[in-house]
Amino acid sequence: MKLKQLMTLSVVAAVLGAGSAHAEVMAEKGKEANLVLMPKFIGILVFDQAHDGAREAHEELANPGTLEFIGPTPENSVAGQIEIVTTATTQGQDGIMISNNSGDQIAPAARAAREKGLAVVTWDSQIPSAEGEQVFVAQVDFDQTGVVMADMALSILGEAGGDFAILSATPDAANQNSWIAAMKTALEEDKYSALNLVDVVYGDDQSEKSYNQALALIDKYPNMKLIMAPTSVGIVAAAKALQDEDLCGQIKVSGLGLPAEMVSYTMNGCAPEFALWSFVDLGYLTYYVTYLIATGQIEGVEGETFSAGRMGSYTIHKDPTREQGLRVLMGPFSVYDKDNVEAAAR
Amino acid sequence: MSSPSADPPPGAGAAPGAAPARAAPVLEVTGVSKRFDMTQALDDVSLSLHAGEVHALVGENGAGKSTLIKILTGVEQSDEGEVRVEGRTVHLANAQEAQACGVAAIYQEPLVFPDLDVAENIFITHRDQALLVNWPRMYAKAEDLLASLGVRLDVRAPARGLTLASQQAVEIAKAISLEVKVLIMDEPTASLSDHEVRQLFRVARQLRDRGVAVLFITHRLEEVFEIADRITVLRDGEHISTRPAGEVTRDLLIRDMVGREVDQFYGIGGDWRSRTIGRQVCRVRGLGREGVFSGIDFDLHEGEVLGFAGLVGSRRTDVALALFGIQPADRGTVEIDGRTVRITSPRAAQQLGVAYMTEDRRKLGLAMPLSIAANVTLPVLRRYLSRLGLVQRSREEAAAEGFRERLRIKAPSALHVVGKLSGGNQQKVMFGKWLNTRPRIFLLDEPTRGIDVGAKAEVHAMVRELAEEGMAILCISSDLPEVLAMSDRILVMREGRQMGILGGSEATQEAVMSLATGEAGEEDPDAGAGRAAS
Amino acid sequence: MNLPAGREPESESRPAPAPEPAPMQASRTSAAARLTSALGARLRSWEGFLAALLLCIIVMNALTSPSFLSVENQINLFALSIEKVIVVLIMTFVILNAEIDLSVASMMGLSACALGWLVQHGVPMPAALVACLLIGMLGGAFNGFWITVVRLPSLVVTLAMLIGFRGLARVLVEDRSIKAFPEWFEALGQQPLVGPFPLSLILFFALLVLAVIVLRYSGFGRQVYVIGINLEVARYSGIDVARVKMLLFTTSGFLSALAGVLFAARLGTVRGDMGLGFELDIITIVLLGGVSIFGGAGSVYGVILSILIVLYLRNGMSLSNITGHLQTGVIGIILILSAMIPNVRGFLARVARPGLFR
Amino acid sequence: MRLRAETRREGVLLLLIVLVLFGFSLVIENYLGARLFNRVSASVAILAILAIGQTLVVLTRNIDLSVGSIVGFTAYFVGQQLSLDNDIHPLVAVLMAVGLGAALGACNGVLVAWCRVPAIIVTLGTLALYRTILVEYSDAQTILTVNLPQWLIDLPRLNVVSYERLHLRAVVAVMLAVAVLFQLLLRYSSFGRRLYAIGSSPEAAHSAGFPTRRLVFAAFVLCGALAGLTGFLFLARFGNITVVAGLGLELKSVAAVVVGGINIFGGSGSVLGAVLGASLIDLLENSLIRSLQVSEFLRDALLGILILAAVAIDSVFMKRRRDP
């Protein structure tokens with residue numbers, strides 16, 4: 001994906017004070033590790049892109065083992081994720097990559113998997129308590145996401161500001177919840193004082209529900225100027241709802257979305273600005289981390305540095321956005337508007 | 001309920017028992033056989049129906065009447081033989097084809113569509129019905145049709161809630177509108193009041209006069225003589241005889257039906273009433289239920305059989321249901337052994353020693369897929385439970401085995417499934433089921449309905465035996481000779497009210513019928529109460 | 001672990017079926033195989049069919065996945081569906097009684113959410129547990145009231161409460177999730193209690209044994225059957241039909257609430273949509289077990305076999321990396337086929353021997 | 001008599017709708033207005049068509065729990081075809097949806113009518129089965145709005161008539177047309193009357209020699225076809241179609257039918273009732289979600305009580321009618 005990056009947000013998480021006790025690990029190819037990549041649920045484009053990235057890494061590393069892409073169906077996401085983790089444990093897989101949609105409900109199963117020696121890496125969406133999880137591959141810095149969203153809101157609404165609402169995914173989506181929390185924190189700054197968050201609603205990452213929730217927001221808050229949807233499903237649904245209601249002139253949509261899905265709404269002004277990162281890269285990086293841990297090349301402890309193929313060098317840090325847990329920070333953010341979205345959509 | 005009699009049929013003169021038309025039969029059945037697994041339901045049966053005759057088809061249960069009707073209406077197909085309509089051989093593959101050939105049937109319990117209105121019930125089966133319904137025209141036609149039958153019904157009312165007789169009227173109207181050539185009436189009078197039977201007969205004759213061939217099936221021989229021009233008897237799936245009604249006597253008919261002379265048709269000797277009747281067990285005063293029945297007064301003694309007579313719709317069954325607690329009474333008192341009791345549920349009734357044997361085995365009486373044993377112990381299951389609430393199978397079986405022998409239930413064992421028994425044996429299982437509750441007051445509702453002559457006699461003997469043992473029996477029956485023969489006294493009801501209690505020599509068919517039809521009694525509503533106290 | 005599975009050869013080796021097929025219904029009874037010898041034949045053949053099917057699945061699973069037979073997997077596969085199979089037990093009673101309870105899964109969600117809500121609002125855990133089970137009983141009794149007193153069809157009443165109980169759960173938790181349980185409670189849901197068995201599994205087996213005894217050998221079980229066969233016959237025999245039904249629906253609510261509590265313990269967190277759609281799985285298992293949707297026919301052994309079939313099938317497919325929907329689809333097909341085979345047979349029997357009841 | 005009972009039920013429903021409108025107008029500012037009508041009518045269109053299909057099946061004493069899956073499947077399939085070829089004629093697309101729905105309904109119909117499996121079992125099975133086929137067929141991909149032809153994207157905005165800000169959307173007009181068509185069909189065609197007859201008394205229908213199997217089959221096919229049409233509208237409205245599209249609509253359609261006074265055991269009810277039932281449910285949902293005072297989460301709890309109340313009232317009517 002060739003993205004014209006307008007804004008590259010602080011990604012460089014600095015050189016660690018802890019010093020480089022660990023030398024950079026170069027991945028040794030061809031070791032066998034059977035890995036499972038689990039999305040929040042199936043049927044979402046961004047997760048398919050992550051799968052593409054993971055496959056790329058899988059071939060690059062010449063892993064003779066298998067890579068399974070298994071996800072639950074949306075209506076059965078929580079129980080389904082738990083079942084898949086449990087089954088992977090039973091099957092004796094070597095590692096599992098989890099985009100967690102179950103809050104802490106998945107922790108017991110993840111813990112059991114770790115006890116059986118599986119590498120448990122989360123990506124996209126972490127386990128909030130970090131229980132059972134070794135490393136979280138964060139697409140971007142979650143605190144930064146809040147700032148990015150606030151910035152986009154400000155840029156769309158202008159200095160005058162106004163009311164806006166958030167249309168999220170499922171109430172238990174750890175990543176979205178972190179972003180919303182981060183955004184609320186960011187909004188406390190004077191700079192954003194004109195922005196007024198009126199409500200947070202959940203569309204469960206389902207088109208129909210998101211669409212209806214967007215309509216409800218429109219009716220409920222006549223003064224609302226913006227719907228912020230930090231989910232690729234919600235943002236499209238909200239944009240379509242506004243377009244169907246001929247309200248694009250009064251209410252805008254922003255958030256996190258895929259250029260391919262959003263291009264028409266950006267071009268017609270419904271969604272002037274939105275952001276995202278590369279899910280292909282996220283899948284690629286996640287695979288590297290998991291492969292290295294599963295094959296014993298790294299342990300998955302703080303301070304380890306490794307090389308992730310084409311993406312370069314990464315270090316495992318403490319996750320500053322959670323009380324506990326480690327993370328590998330990917331980045332960067334890309335913000336799209338009508339100047340660059342068409343190119344990105346291709 | 002018409003007046004039966006051992007004398008030559010009084011109705012025979014009323015019905016023009018003329019010889020059937022000479023023309024070719026409108027419907028002819030030759031050499032029809034039908035086999036179900038092990039039973040030969042029909043064996044080489046032939047029958048012809050002529051336009052403008054009422055042809056009675058009689059026979060005991062299991063004689064093959066129902067099977068023959070099913071073949072004629074296309075519900076079943078015969079194994080052998082052929083059916084000709086107006087000389088043309090037809091293959092009746094389904095009900096619709098039979099209808100197309102001009103054959104229709106009405107049943108004891110007509111199959112109407114309860115949610116559809118009267119007019120629609122008449123016209124919905126029409127094959128040639130236009131693609132679209134013209135409601136106003138349909139209503140007008142329905143009104144005309146019913147008027148021509150002399151029936152007054154709201155054609156826009158849903159069929160739900162119509163009386164059986166009205167439902168039959170709807171069915172007949174349907175048949176007329178279809179211009180049927182052959183109308184089969186399968187026991188249409190079984191549940192009708194006398195007045196309704198008259199009405200039905202009038203319509204049947206009307207149909208005959210219009211040139212319809214009517215095949216009339218009934219259990220009531222007196223009706224046969226009243227309405228039929230010719231009579232065909234089936235027995236054990238075989239054709240026994242077909243004779244003009246004028247040439248048949250009652251005894252001859254019975255002999256044809258059962259294959260032997262039945263001296264004591266009601267199986268009851270004269271001497272048994274000489275026994276002594278014991279002390280009073282039950283005293284009922286002013287019993288009533290809002291909108292259903294009222295003012296029922298009677299006493300019941302050990303060893304006594306109290307008959308309950310009345311036309312259908314006289315609410316006799318409702319009185320029994322009140323005494324059994326299914327539909328509790330809301331006024332009046334019941335005393336059992338001198339203590340006033342309130343019976344609000346069947347369980348309460350059972351504990352007071354009251355048992356009620358229903359008239360409808362299939363729907364209300366027996367759990368057909370279960371065994372004899374399970375049915376016999378059902379009301380008193382508690383007796384067969386261990387302390388942990390588990391069923392003690394061996395005790396249950398022993399009890400059922402006892403009843404099987406005592407009641408001469410024809411079944412290989414007490415574990416036999418009830419649904420596979422014959423009607424008479426099922427009736428006996430019902431007896432066993434309720435005797436097992438050791439009742440002191442036994443309410444029998446039509447104990448001989450739908451069972452054959454032989455089984456009837458056995459049931460009568462059983463009732464007599466129970467009375468002799470000291471049980472108090474209340475017996476509802478629409479079979480007047482049966483009630484007269486079995487009862488010590490007879491309580492007659494009409495339209496939910498007690499018309500009187502007849503005892504000893506007062507109890508004649510004429511007396512009962514005049515009370516039941518309201519020809520007497522009207523001026524003297526207290527007659528019942530006065531007699532009950534005696 | 002193979003305890004229930006071990007039972008199945010036994011049911012196969014019962015006396016040979018009586019030569020005469022039971023003609024009366026498409027029924028696989030019964031309260032008493034011994035009581036109904038002819039129906040027993042059908043019963044045996046049906047259970048035999050299920051047992052054969054189960055055997056095939058076990059063999060296939062064992063061949064395709066080495067970990068299938070491991071104790072750990074066996075326990076896991078039960079634990080992952082334990083909430084459903086507990087409710088299957090009572091649903092068997094309800095359907096045999098010619099009723100249906102669609103509200104079970106919503107009640108599960110409600111009791112779990114109520115537990116979370118109560119604990120979050122400072123109610124001590126034991127009191128909250130008792131309250132949840134009470135809510136279950138009350139909810140079940142509420143269903144029972146409309147069904148036995150107002151005499152509405154249970155299909156409609158429980159459909160309404162399927163929506164209603166779920167609505168209450170959402171009122172309590174809205175669209176958040178609550179994680180507020182003490183550690184011991186989560187451990188109870190997630191850790192083995194005795195040997196390798198977690199509490200929920202032990203409870204399930206205890207309830208299973210109880211269900212078998214009650215249904216097959218107790219007077220109450222007989223009443224449940226008779227009401228299912230013919231409610232009027234039961235009423236006219238002095239059986240307190242309303243009481244039996246009330247008891248069944250109350251128990252159904254109670255067990256659903258219990259399942260909800262176990263669910264909460266297993267997950268450690270509650271949300272409004274817990275157990276969404278479980279009712280269909282539960283009913284499917286019961287029907288696959290050969291219980292007639294019209295009541296009065298079916299055996300608890302068939303249901304046990306059906307539980308194993310569904311769990312093993314799902315587990316085997318999971319182990320082969322076949323996910324959710326394909327599993328559900330296969331079970332859907334089996335459900336239709338299983339209902340079809342005996343019906344076609346029953347239909348043929350009806351054609352051959354009409355009017356047995358007339 | 002019968003007419004009056006049905007009309008009475010419809011009257012009660014209308015009254016309830018008015019009460020709901022009145023109640024919420026007190027609580028919510030600017031509640032009554034063009035926007036409410038536009039919003040509710042557009043969302044009712046989808047549910048009402050489905051409820052009409054469900055009505056046909058329920059009238060015959062059956063039930064179709066697979067409609068949600070049929071909606072999802074047709075929405076996905078037609079969406080996919082349109083994504084691949086944007087030039088497919090709109091009419092062809094609609095026919096495709098209706099035809100596919102009818103085919104899926106026909107599978108249900110065959111199993112119910114000829115294999116004699118109870119409808120609740122069949123459709124419980126196909127509910128799962130059709131969804132599975134969808135997941136397998138789609139490989140869990142999603143239909144994206146961007147790939148759909150412009151006419152489809154514009155369809156939800158298309159107005160037939162507009163009066164100031166009050167719009168009669170094309171989809172609503174379609175729903176109304178379907179409702180009128182089927183109301184007439186059920187009331188005046190002998191086919192429709194026979195559906196009532198079958199549900200009213202299957203035994204009587206059989207002995208009257210109705211082709212009951214073909215009629216039940218036809219009811220399922222029509223129900224499937226209407227579910228297919230719903231799928232098409234669903235596609236137009238939501239644009240993004242995932243493998244769970246239409247999930248849960250089966251229960252909602254049954255709820256609409258029950259609230260609309262169609263006897264769940266067949267034989268009585270009307271299309272108008274089903275449409276009113278669907279309207280009431282959607283109105284309630286839309287209103288609650290907008291109200292700041294009343295929690296939107298009360299929605300389902302209220303709906304449950306509404307269904308109970310509707311049925312209880314109905315059964316009281318029925319009992320009255322039975323007693324002479």
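If you're wondering where the values come from, they're calculated on a predicted model, not measured in any experiment. Chain A is the first sequence line, chain B the second, and so forth, proteins listed ahead of strands; every chain is numbered from 1. The figures that follow rest on heavy atoms only: side chains count, while hydrogens, waters and symmetry mates do not.
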(request) Start with the C-alpha distance between C:T328 and D:R131, add both sets of side-chain angles, then the distance that settles side chain to side chain contact (heavy atoms under 4.5 Å, CB included), and finish with yes or no. (result) CA-CA 9 Å; C:T328 316; D:R131 183 71 62 185; over 6 Å; no

What heavy-atom pair brings [X] and [Y] nearest, and what distance separates the two atoms?
X      : Y      : value
C:L335 : D:G125 : CD2-N, 4.1 Å
C:P153 : D:I264 : CG-CG2, 4.2 Å
C:I293 : D:P118 : CG2-CG, 3.7 Å
D:L308 : C:A160 : CG-CB, 3.8 Å

So which part of [X] gets closer than 4.5 Å to some heavy atom of chain C, the side chain, the backbone, both or neither?
X      : value
D:I120 : side chain
D:L306 : neither
D:Y130 : neither
D:L111 : side chain

(request) Give the intermediate values and the outcome of side chain to side chain contact (heavy atoms under 4.5 Å, CB included) for residues D:L129 and C:I333. (result) CA-CA 7 Å; D:L129 191 58; C:I333 292 176; 3.3 Å; yes

When rounded to the nearest 0.5 angstrom, what distance separates [atom1] in [X] from [atom2] in [Y]?
X      : Y      : atom1 : atom2 : answer
D:L251 : C:E279 : CG    : CD    : 6.5 Å
C:L287 : D:I121 : CG    : CD1   : 4.5 Å
C:I163 : D:L302 : CD1   : CG    : 11.5 Å

Tell me, for [X] versus chain D, whether the close heavy atoms (under 4.5 Å) come from the side chain, the backbone, both or neither.
X      : value
C:L102 : neither
C:F165 : neither
C:L168 : both

(request) Please step through side chain to side chain contact (heavy atoms under 4.5 Å, CB included) for the pair C:V150 and D:V311, ending with a clear verdict. (result) CA-CA 10 Å; C:V150 190; D:V311 182; over 6 Å; no

(message) Counting heavy-atom pairs closer than 4.5 Å to chain D, which one of C:L159, C:V330, C:L280 comes out on top?
(response)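 So the answer, after comparing C:L159, C:V330, C:L280, is C:L280.
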
(request) Just give me the residue among D:L124, D:L65, D:L303 that pairs up with chain C most often, heavy atom to heavy atom, under 4.5 Å. (result)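 Highest number of pairs under 4.5 Å: D:L124.
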
